[in-house]
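Computed over heavy atoms, backbone and side chain alike; hydrogens, waters and symmetry mates excluded. Chain letters run A, B, ... following the sequence lines, proteins first and then strands; every chain starts at 1.
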Number of protein chains: 2
Amino acid sequence: MRADARRNREAIVAAARAAFDRDEQLRFDDFADRAGVGVGTLYRHFPTREALAAAVYQGEVIALCERARASTRSAGEALESFLRGFVDYVLAHAALARVLADLVTPDVQVTGGSELERTIAELMARAAAEGVIRDDALPGAVMIVLHGIGSSIDRPHWPRESRAAIELLLDGLGPDHRDGEVDSSRTSGT
Amino acid sequence: MRADARRNREAIVAAARAAFDRDEQLRFDDFADRAGVGVGTLYRHFPTREALAAAVYQGEVIALCERARASTRSAGEALESFLRGFVDYVLAHAALARVLADLVTPDVQVTGGSELERTIAELMARAAAEGVIRDDALPGAVMIVLHGIGSSIDRPHWPRESRAAIELLLDGLGPDHRDGEVDSSRTSGT
DNA sequence: GCATTAAGTGGAGATTGTCTCCGTTTGATA
DNA sequence: TATCAAACGGAGACAATCTCCACTTAATGC
């Protein structure tokens with residue numbers, strides 16, 4: 001890769017990161033201006049807005065994933081803290097939430113997305129092997145909840161509700177309800 | 001309302017319902033062509049794509065909601081069957097999923113959305129009063145999961161994963177884990 | 001150094017989808 | 001059947017995305 005190409009690419013990513021961090025809503029072409037390059041250059045490096053967002057966050061997401069997979073804690077703890085940590089990270093980076101949809105939908109060729117799902121699947125498998133979560137839970141179901149968190153950013157109480165959703169999910173993952181659901185046997189006549 | 005206005009409005013809704021049912025991805029202006037009216041007429045009746053989608057689905061969603069609230073079954077059963085039923089309905093109407101985002105984000109002036117959330121809140125309150133779900137669960141957290149289901153439509157195993165997500169949610173709502181989460185006390189050394 | 005050239009650049013303008021505006025038509029009312 | 005406010009239609013303004021290609025520049029060989 002030629003030196004000027006790399007320089008431009010990095011300038012674009014840096015400009016995009018700055019804009020995302022302030023949660024600015026920019027037209028795609030504006031990222032080119034911000035980086036001081038032409039739109040042609042922008043499009044050559046990043047064919048879509050999602051590709052750009054991925055370049056900005058891929059590193060961080062993958063780092064989170066690797067930290068979790070390398071964790072020496074029990075599988076249950078690793079899974080719990082990964083999910084809570086991921087949600088905290090998303091809450092702190094609204095722009096990531098706005099593109100999480102694409103990180104989560106695997107059809108796009110974005111490494112961060114499949115990496116996220118792979119990590120969750122691995123942590124769940126380990127936790128299930130330890131018996132601390134049910135062994136019939138689908139990683140995809142967890143992805144769907146994360147997706148919901150990412151795309152609910154415009155709700156008034158987004159952070160609180162997101163954390164609540166994760167807690168419900170973690171509870172639901174517990175090993176004690178292979179049958180369960182809402183405990184209808186307790187139904188009183190009220 | 002003038003007769004021709006009503007006729008046009010109904011023609012637009014009918015055309016939109018037909019297009020949605022086939023999950024066609026139309027430009028907004030095309031709904032006007034399909035209904036045989038001008039774009040001006042389309043925009044006067046439905047300022048946004050979401051308003052149109054709401055007109056198509058509001059009735060059905062509100063009907064689902066009212067049926068659930070009128071249910072004479074125990075609150076736990078009503079909540080369970082409402083959530084499962086709603087997901088089934090969404091799975092059967094992909095186009096609804098695509099606009100669920102807006103039905104779920106309350107800033108938009110769409111009656112169906114707040115109606116959905118109000119229904120969930122009410123069913124949850126009743127179930128909590130009966131003691132069949134925890135009383136500290138936020139309706140918003142449930143909305144987030146529904147939102148996730150709606151916006152995960154492009155995932156390969158969307159239906160299965162969506163149902164799995166609802167089951168996890170229902171399990172998590174159960175009354176037995178006021179503390180809980182993943183049961184770390186069971187952690188073995190493995 | 002200096003030519004060669006493939007890789008890279010920039011931005012004008014094509015394209016596409018959304019939305020507005022206003023001259024014309026039509027249904028309701030008396 | 002005259003009146004007029006309500007409703008209509010669609011040309012075209014507008015906004016965002018994306019392509020294309022004439023020009024520039026870094027790398028390579030001599």
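- In the hydrophobic clustering of this structure, I166(A) does not group with L138(A); members are Ile, Leu, Val, Met, Phe, Trp, Tyr whose side-chain heavy atoms approach within less than 4.5 Å, directly or through other members.
- Within 4.0 Å (heavy atoms only), Y43(A) reaches at least one base atom of the nucleic acid.
- Aromatic pair F28(B)/Y43(B): ring centres closer than 6.0 Å.
- Of the charged side-chain nitrogens involved, none lies within less than 4.0 Å of a carboxylate oxygen, so that R163(B) and E167(B) do not count as a salt-bridged pair.
- Between the CG atom of L52(A) and the P atom of dC18(D) there is a distance of 13 Å, rounded to whole Å.
- In this structure, L42(A) atom CG and dC20(D) atom C1' are separated by 16 Å, rounded to whole Å.
- When the salt bridge (charged side-chain N to carboxylate O under 4.0 Å, His left out) test is applied to R49(B), no partner is found at least two apart in sequence or on another chain.
- The distance between atom CD of Q25(A) and atom P of dA15(D), rounded to the nearest whole Å, is 17 Å.
- If you take CZ of F28(B) and C1' of dC19(C), they are 10 Å apart, rounded to a whole angstrom.
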Generate the contact string for nucleotides 5-11 of chain D. Rules: B means base contact, S means sugar-phosphate contact only, - means no protein heavy atom under 4.0 Å. BBSBBBB

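- Tested against V87(A), the residues L91(A), V90(A), L83(A) include a single side-chain contact (heavy atoms from CB on, under 4.5 Å) partner, L91(A).
- If R27(B) and R7(B) are placed on DNA chain C by their nearest nucleotide, the residue sitting closer to the 5' end is R27(B).
- When all heavy atoms are compared, the tightest approach of H147(B) to S151(A) is CE1-O, 2.9 Å.
- Separating the CZ atom of F46(A) from the C1' atom of dC18(D) is a distance of 16 Å, rounded to the nearest angstrom.
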